[in-house]
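Here is the structure we will look at, set down as structure tokens.
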Amino acid sequence: IKNDSKKAISVLKQMNINVVMLTGDNPLTAKEIASQVGIENVVANILPEEKAREITKLSEKTQNANVAMVGDGINDAPALATAYCGIAVGAGTDVAIDAADIVLMKNTLLDVPAAITLSKKTLRNIKQNLFWAFIYNIICIPLAAGCLFLPFGIILNPMIGAAAMSLSSFCVVTNSLRLNFAKIY
């Protein structure tokens with residue numbers, strides 16, 4: 001058991017993530033290890049193909065919720081490829097790293113909740129950036145094109161429209177840079 005396993009499992013549970021242990025180990029050993037780190041759901045004594053099937057079952061059981069698989073070995077590769085998001089631990093085998101969507105650079109499981117947190121913050125940031133970019137374009141382009149001149153007599157100087165587009169780009173870049181200050185641990 002890695003030193004940070006228990007804490008990583010605890011953080012994942014605080015994030016309302018259901019943790020399931022899939023292992024080729026015998027059931028007695030698997031249950032003992034799972035109890036030490038705080039995992040209630042254990043599927044033991046399974047082959048690599050069966051791990052992939054378990055990932056598929058979990059996806060179906062949770063109505064195709066985003067099921068992630070964390071692994072580091074050759075035996076994990078099929079399940080990493082099957083999962084919605086495969087996460088390979090950086091010290092793992094080349095096969096696992098190739099099969100995964102995300103590769104954690106350090107050999108710590110605490111990077112799993114950190115990666116999930118960062119991905120959620122990044123997705124929220126993308127949505128914010130799209131909003132601001134569209135708002136600028138929806139308002140300024142018709143004004144600069146003179147679409148509102150005949151009905152309302154409103155027109156925007158093209159120079160001001162160009163400045164607004166520059167301001168839009170500035171807002172998007174500045175908003176994206178906020179991710180540098182995100183607390184992911």
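Just so you know, these numbers come straight off a predicted model, no measurement behind them.
- With hydrophobic clusters built from ILVMFWY side chains whose heavy atoms lie under 4.5 angstrom apart, V37 shares a cluster with V89.
- Both I1 and V70 belong to a common hydrophobic cluster when Ile, Leu, Val, Met, Phe, Trp and Tyr are linked at side-chain heavy-atom distances under 4.5 angstrom.
- Remark: R178 pairs with Q128, N175 by the side chain to side chain donor-acceptor pair (under 3.5 Å) rule, at least two apart or across chains.
- I39 places none of its side-chain heavy atoms less than 4.5 Å from the side chain of V20.
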Solution key, residues 6-15 side-chain donor-acceptor pairs under 3.5 Å, sequence neighbours excluded:
unit_1	atom_1	unit_2	atom_2	d
K13	NZ	G38	O	2.1
K13	NZ	E40	OE1	3.2
K13	NZ	E40	OE2	2.8

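- A donor-acceptor contact closer than 3.5 angstrom is absent between the side chains of D25 and N45.
- By the salt bridge (charged side-chain N to carboxylate O under 4.0 Å, His left out) test, K106 is found to be paired with no residue, residues two or more places apart in sequence or in another chain being considered.
- Contact annotation: the side chain of N41 never approaches that of V19 to less than 4.5 Å [non-hydrogen atoms, C-beta and beyond].
- Expressed to the nearest 0.5 Å, how far CD1 of I33 lies from OG of S5 amounts to 9.5 Å.
- Counting heavy atoms from C-beta on, the side chains of L80 and I55 never come closer than 4.5 Å.
- Within the structure, every pair that satisfies the side chain to side chain donor-acceptor pair (under 3.5 Å) test and touches residues 74-100, not counting sequence neighbours, is listed here: K51-D76.
- Atom CG of L28 sits in a sparse spot, with 12 or fewer heavy atoms from other residues, nucleotides or ligands closer than 6.0 Å.
- The side-chain heavy atoms of V43 and T23, taken from C-beta on, include no pair separated by under 4.5 Å.
- Closest approach of T62 to V67, counting heavy atoms only: OG1-CG2, 4.1 Å.
- For the salt bridge (charged side-chain N to carboxylate O under 4.0 Å, His left out) test, no residue two or more places apart in sequence or in another chain qualifies with K2.
- The side-chain contact (heavy atoms from CB on, under 4.5 Å) search around L177 returns V173, N180, not counting sequence neighbours.
- Separating the CH2 atom in W132 from the OG1 atom in T174 is a distance of 12.5 Å, to the nearest 0.5 Å.
- One distance of note links CG of N125 with OG of S176; it measures 4.5 Å at 0.5 Å rounding.
- Among residues two or more places apart in sequence or in another chain, the side chain to side chain donor-acceptor pair (under 3.5 Å) test is passed with D101 by none.
- Minimum heavy-atom separation, P27 to A44: CA-CB, 3.6 Å.
- Counting side-chain heavy-atom gaps under 4.5 Å among Ile, Leu, Val, Met, Phe, Trp and Tyr, the cluster of Y185 also holds L118, I184.
- No continuous path of hydrophobic side-chain contacts links I97 to L109 [ILVMFWY only; heavy atoms under 4.5 Å].
- In this structure, E49 has no salt bridge (charged side-chain N to carboxylate O under 4.0 Å, His left out) partners at least two apart in sequence or on a different chain.
- With sequence neighbours excluded, the residues satisfying side chain to side chain donor-acceptor pair (under 3.5 Å) with T29 are N26.
- In plain terms, the two heavy atoms of A100 and G86 that are nearest each other are CB-O, 3.5 Å.
- Pairing each heavy atom of I87 with each of A68, the nearest pair is CD1-CB, 4.4 Å.
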Going through the distances and angles, do C85 and I102 end up as a side-chain contact (heavy atoms from CB on, under 4.5 Å)? CA-CA 7 Å; C85 180; I102 297 172; 3.6 Å; yes

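- Distance check: L22 CG to L58 CG gives 6.5 Å after rounding to the nearest 0.5 Å.
- Under the 4.5 Å side-chain contact rule for hydrophobic residues, I126 and L179 do not share a cluster.
- Annotation: side chain to side chain donor-acceptor pair (under 3.5 Å) contacts of K31 (sequence neighbours excluded): none.
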Contacts table for residues 150-171: side-chain donor-acceptor under 3.5 angstrom, sequence neighbours left out:
unit_1	atom_1	unit_2	atom_2	d
N157	OD1	M159	N	2.8
S166	OG	A162	O	3.2
S169	OG	M165	O	3.3

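- Counting only heavy atoms from C-beta outward, the side chains of E50 and E54 never approach each other to under 4.5 Å.
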